[in-house]
Amino acid sequence: MHNFRIVDKLQKFGEDISSKQLKYHHKRVMVSKEFTFDAAHHLHAYEGKCMNLHGHTYKVVFGISGYLDERGLMIDFGDIKNIWKKDIEIYLDHRYLNETLPLMNTTAENIVYWIFEKMEEALNKDKMKQADNGARVEFVRLYETPTSFAEMRREWMENE
């Protein structure tokens, strides 16, 4: 059995740790957050089951990198969630994707690129409001099923 203990002294800001000690390093770091949504779609110019209207419970995984602020944070996970809810999920969750997304074949490969663009656009918009920490999307992975996904990576976009 593991020994459970209560800390002897709760660390206090300004007494036990100073503001200069909050930021441990100056390197780029990546955080990741995932979301799910349910949506329907069908594929054009495709012979197979997916030519018919059907739905998925999708999972999206974001990798966002940047530099730490004076508190030792790059981006608050809540801020990523707010961007997702306000700027991206409204077009996806419980929607018919062929209707709510730009005109495209609603393949995972097309949708993942659109999601990448929307998150990058939102991060760039936020840079105008606060100090620029270099936050950028490094990758987006879109699972269409638990074992099948499409991925978009920044490095692929920059090398094209």
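Just so you know, these numbers come straight off a predicted model, no measurement behind them.
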Evaluate whether atom NZ of Lys85 has more than 12 neighbouring non-hydrogen atoms of other residues, nucleotides or ligands under 6.0 angstrom away.
-> no
Any side-chain heavy atom of Lys23 within less than 4.5 Å of one from His25?
-> no
Mind telling me whether Trp84 and Phe35 have parallel, tilted or perpendicular rings, with 30° and 60° as the class edges?
-> parallel
Might you point out which heavy atoms bring Ala39 and Tyr58 nearest each other, and give the distance in Å?
-> CB-CE1, 4.0 Å
Using the ring of each side chain (for Trp, its six-membered ring), is Tyr113 parallel, tilted or perpendicular to Phe116, with breaks at 30° and 60°?
-> parallel
Would you say the side-chain atoms of Glu120 pair up with the backbone N or O of Val137, donor to acceptor, closer than 3.5 Å?
-> yes
Say you draw a straight line from NZ of Lys118 to CG of Leu101; how long is it, rounded to the nearest 0.5 Å?
-> 9.5 Å
Side-chain (Arg141) to main-chain (Phe149) donor-acceptor, under 3.5 angstrom | no
Mind running side chain to side chain donor-acceptor pair (under 3.5 Å) on His54 and His41 for me, showing each step along the way?
-> CA-CA 6 Å; His54 65 284; His41 77 132; 3.1 Å; yes
Measuring from Met152:CE to Ile115:CD1, what's the distance to the nearest 0.5 Å?
-> 12.5 Å
NZ/NE/NH1/NH2 to OD/OE distance under 4.0 Å, Asp38 and Arg95 = no
Heavy atoms of other groups near Tyr91 OH, more than 12 under 6.0 Å | no
Does one side chain, of Tyr96 or His42, offer a donor that lies under 3.5 Å from an acceptor on the other?
-> yes
Do you know which two heavy atoms are closest between Asp87 and Ala122, and how far apart they sit?
-> OD2-CB, 3.5 Å
side-chain contact (heavy atoms from CB on, under 4.5 Å), paired with Ser32, selected from Phe62, Phe77, Phe139 = Phe139
